[in-house]
Amino acid sequence: MMTAAEDDTTEHDLTSPARQIDTILRELGDWRGPALARVRAWIREADPDVIEEIKWRGVPVWSHDGIICTGESYRNAVKLTFASGASLDDPSGLFNASLTGNTRRAIDIHEGETLDEAAFKALVRAAVTHNAETVAARQKRNRR
């Protein structure tokens with residue numbers, strides 16, 4: 001797997017996850033494409049080492065030591081599901097969906113809505129930190 005920054009150098013590899021995400025964004029054809037593209041750019045800015053993947057029949061996934069979030073498009077919303085969202089502080093209250101579970105939290109963006117860029121990037125960085133701490137704790141347990 002390549003980080004988003006490394007993947008930019010493979011402009012001619014149309015099968016790379018980054019190119020597949022580019023295609024998904026183009027094919028959305030309405031407000032959802034630019035909305036998801038904007039969030040994608042913020043994820044890449046917040047974590048230049050993020051890994052872009054495609055999973056589950058075409059769902060963009062951003063990972064770093066585990067899944068940070070997924071980006072799904074529905075008819076009326078773009079849903080950003082943070083894999084460990086329930087473990088993250090959300091002082092700006094961006095999470096507005098999937099609030100009752102023990103693990104995930106999501107942000108639904110609807111047409112015309114704006115998202116606080118700084119707060120979103122802070123959530124991405126918090127998710128990366130959480131994932132790294134989880135990996136470190138697992139490695140420490142395995143050394144015993």
Side-chain angles (χ1 to χ4, degrees), residues 1-140:
M1 287 185 267
M2 303 177 116
T3 66
E6 292 170 334
D7 202 31
D8 282 340
T9 63
T10 60
E11 291 179 24
H12 303 293
D13 182 2
L14 299 178
T15 63
S16 75
R19 298 301 154 250
Q20 291 176 32
I21 293 171
D22 290 342
T23 300
I24 289 167
L25 297 176
R26 263 193 319 276
E27 289 177 352
L28 284 171
D30 58 17
W31 67 270
R32 296 170 301 164
L36 193 52
R38 183 172 48 255
V39 170
R40 177 193 193 193
W42 292 348
I43 293 167
R44 293 167 79 163
E45 290 168 13
D47 180 15
D49 294 325
V50 70
I51 295 170
E52 294 188 308
E53 303 171 274
I54 296 288
K55 294 186 179 192
W56 309 298
R57 298 181 187 175
V59 175
V61 177
W62 293 275
S63 301
H64 187 152
D65 289 331
I67 294 175
I68 298 169
C69 70
T70 63
E72 298 176 85
S73 59
Y74 296 95
R75 188 174 351 134
N76 296 320
V78 170
K79 181 180 283 292
L80 306 164
T81 303
F82 282 71
S84 297
S87 299
L88 305 178
D89 287 331
D90 180 22
S92 297
L94 292 182
F95 290 133
N96 62 7
S98 304
L99 300 175
T100 59
N102 293 330
T103 307
R104 292 182 291 280
R105 292 287 182 271
I107 301 168
D108 283 356
I109 305 170
H110 299 93
E111 187 172 10
E113 292 181 343
T114 59
L115 193 61
D116 181 328
E117 178 181 354
F120 181 79
K121 287 180 178 180
L123 274 179
V124 170
R125 287 189 289 270
V128 170
T129 298
H130 174 78
N131 288 352
E133 290 170 350
T134 300
V135 167
R138 189 177 309 123
Q139 289 173 343
K140 186 176 180 181

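Computation of the quantities below employed the complete heavy-atom set of this structure, encompassing side-chain atoms and omitting hydrogens, waters and symmetry-equivalent molecules.
Residue pairs meeting the side-chain hydrogen bond (donor to acceptor under 3.5 Å, both in side chains) criterion with at least one partner in residues 81-106, sequence neighbours excluded, do not occur; the list is empty. Under the salt bridge (Lys or Arg N to Asp or Glu O under 4.0 Å) criterion, no residue pair touches residues 67-76, with sequence neighbours excluded. For the salt bridge (Lys or Arg N to Asp or Glu O under 4.0 Å) condition, the pairs that include at least one residue of residues 20-37, sequence neighbours left out, are Arg19-Asp22, Asp22-Arg40, Asp30-Arg32. Screening residues 18-38 for ring-ring contact (aromatic ring centres under 6.0 Å, His included), with sequence neighbours left out, gives no hits.
Note that the CG atom of Asp47 and the NE2 atom of His64 stand 5.5 Å from one another [nearest 0.5 Å]. Between atom CD1 of residue Ile107 and atom CG of residue Leu94 there is a gap of 4.5 Å, rounded to the nearest 0.5 Å. Remark: Ser16 OG to Ile21 CD1 distance equals 8.5 Å, nearest 0.5 Å. Within the model, atoms CD1 of Ile51 and CD1 of Ile68 stand 9.0 Å from one another, a figure rounded to the nearest 0.5 Å. In this structure, Lys140 NZ and Arg138 CZ are separated by 15.0 Å, a value rounded to the nearest 0.5 Å. Note that CD1 of Ile67 and CH2 of Trp62 are 11.5 Å apart. Values are rounded to the nearest 0.5 Å.
Relative ring orientation between Trp42 and Phe120 is described as tilted, the plane-to-plane angle lying within the 30° to 60° band.
Taking each heavy atom of Cys69 and Ile43 in turn, the nearest pair found is SG-CD1, 3.7 Å. Closest non-hydrogen pair, Leu80 versus Gly71, comes out as CD2-CA, 4.0 Å. Residues Ala35 and Val78 share a closest heavy-atom pair of CB-CG2, 4.4 Å.
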From CA spacing to verdict: side chain to side chain contact (heavy atoms under 4.5 Å, CB included), Arg44, Glu52: CA-CA 9 Å; Arg44 293 167 79 163; Glu52 294 188 308; 3.7 Å; yes
Output a table of donor-acceptor pairs, distance under 3.5 Å, between side-chain atoms of residues 121-129 and any protein atom two or more places apart or on a different chain; print 'none' if there are none.
unit_1: Lys121; atom_1: NZ; unit_2: Glu45; atom_2: OE1; d: 2.5
unit_1: Lys121; atom_1: NZ; unit_2: Glu117; atom_2: OE2; d: 2.8
unit_1: Thr129; atom_1: OG1; unit_2: Arg125; atom_2: O; d: 3.1

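Ala97 is linked by a side chain to side chain contact (heavy atoms under 4.5 Å, CB included) to Lys79, Ala106, Asp108, counting only residues two or more places apart in sequence or in another chain.
With hydrogens and angles disregarded, a donor-acceptor distance shorter than 3.5 Å links the side chain of Asn131 to the backbone of Gly66.
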